[in-house]
Amino acid sequence: MKKITIIGCGYVGLVTGACLAEMGHFVTCLDIDEQKIESLLRGKVPFYEPGLSELVAQEKLFFTTSYPDALNECEICFLALPTPSNADGSCDLTFVFDATRKLRNHLDGYTVVVNKSTVPVGTSKKVAEILNGLDVDVASNPEFLQEGSAIDNFRNPDRIILGVESKKARRCLQELYEPFGDLLQIMDITSAELSKYAANAMLATRLSFMNHLSLLCEKVGADIDCVREAIGSDPRIGNQFLFPGVGFGGSCLPKDVSALLAISNEADKPSDLLEAVLEINKEQKRQFFQKIKTHFGNLSGKTIAILGLSFKPNTDDMREAPSLDIIRMALDEGAFVRVFDPIAKPHLPGCTICRDEYEAAMGANAAILITQWPQFQSIDFDKLGMVMKEKVFFDGRNFIEREKLDRAEFVSYRIGKPNNRVTTWI
Ligand code: NAD
């Protein structure tokens, strides 16, 4: 069993720490956020991730804000720190480098410092430079978990990417991940660092491609769901990540595509493709909002109900959530905005926060579904329609069966559907 330290108790750090402790390792999780650590010491996870609370109260899992305590006899130190975007889209490494400088003073004995944050090519080298002179190897182990199913992703990974450039570090990490056997893909550090950005950029490209097709469908009178099923049945394409929507968001896809673009520019290999992926994503939100505006002519004084705030279901993460763009555009047009999300409770100046979907819809001229929370499948549309001023529904995820809305006499709009009519020729 190894003695492991995790620096950064966010979605990635805490899930990694809790799951490694579950595997039997001694894990100390450190964060500079005192409130977060206090909360964890009381057994309370300060954000929503299904199944994580149950794992936090474990004998072999410790929490601290003290670097010396956390690093005492540490064999493997994971960096799970934020890597947000700079204003120009490149990756801001301040958190990673600040934490590494703190490590310098407290590491004792051989340690493998493993970068789990999503970082540009060359970052591990810079981390190694900061730690120069210490008995340390730096490795890269990019994280692929998805918020909302992170525990399951850790326990049943598709693959584990290890970028290592020393035999000792390789042996140490192979031992750690030994239960996952064949799933280990061992490579050089540069390839490991690039792999994470490549994966997220590929996913974002699929989404932007489908979002572009959805706009085309609306123009030419095709149905995006027919097209999606037609192309998804080709095993070379597959069905996943083909669902059009109101645009992608979250803490990873937008920032990672921007960062890969910055890396490409810096390497003198600019990418029109990545530029287009980002631009289509912005356009998708504008076009969705335009539908709302076109329906009403003028949104000033109208009330809209936003259903779902988090960037996707089963998380409370609001980073780059498309709901924020739609809300901002609606407020700018002079609309009153009422919002409801089952879990995410962000501070949204100018909005009325509601306890459920029916309260949000009270007196509204339109309801707008932004996040496909499962509970929205059980909305009673007769009841919803009764509390609304007008029965108008914009489905930003094609999540609610059209027939349900028709039965309750809603005027409804979806994404990538011909004139928003049900196909009548069958
Ligand atoms: P997060 O913001 O949820 O958590 C980061 C934590 O680091 C915070 O609690 C913060 O207080 C702490 N921190 C900041 N500076 C510190 C320091 N000097 N010492 C100790 N703690 C410090 O971030 P996250 O979502 O867990 O993401 C971490 C990294 O993993 C990012 O690079 C992200 O791109 C990547 N990633 C995230 C996901 C995801 O779904 N969230 C998935 C894969 C990869």
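Counting convention: from 1, in listed order, for ligands and their atoms alike. Residue numbers count from 1 along this sequence.
In this structure a side-chain-to-backbone donor-acceptor pair under 3.5 Å is missing from R397 to L369.
Residue pairs meeting the salt bridge (Lys or Arg N to Asp or Glu O under 4.0 Å) criterion with at least one member in residues 340-354, sequence neighbours excluded, do not occur.
Near ligand 1, residues I7, G8, C9, G10, Y11, V12, L30, D31, I32, D33, K36, Y67, A80, L81, P82, T83, F95, A99, S117, T118, E143, L145, E147, K196, S251, C252, K255, R319 each place a heavy atom inside the 4.0 Å sphere around the ligand atoms.
Between F381 and F393, the two ring planes are perpendicular [angle over 60°; tilted spans 30° to 60°].
Remark: E279 pairs with R286 by the salt bridge (Lys or Arg N to Asp or Glu O under 4.0 Å) rule, at least two apart or across chains. Judged as a salt bridge (Lys or Arg N to Asp or Glu O under 4.0 Å), and not counting sequence neighbours, E165 has no contacts.
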Q: Kindly indicate, with the supporting measurements, whether the criterion side-chain hydrogen bond (donor to acceptor under 3.5 Å, both in side chains) is fulfilled by E193 and T123.
A: CA-CA 8 Å; E193 288 173 335; T123 303; 4.7 Å; no
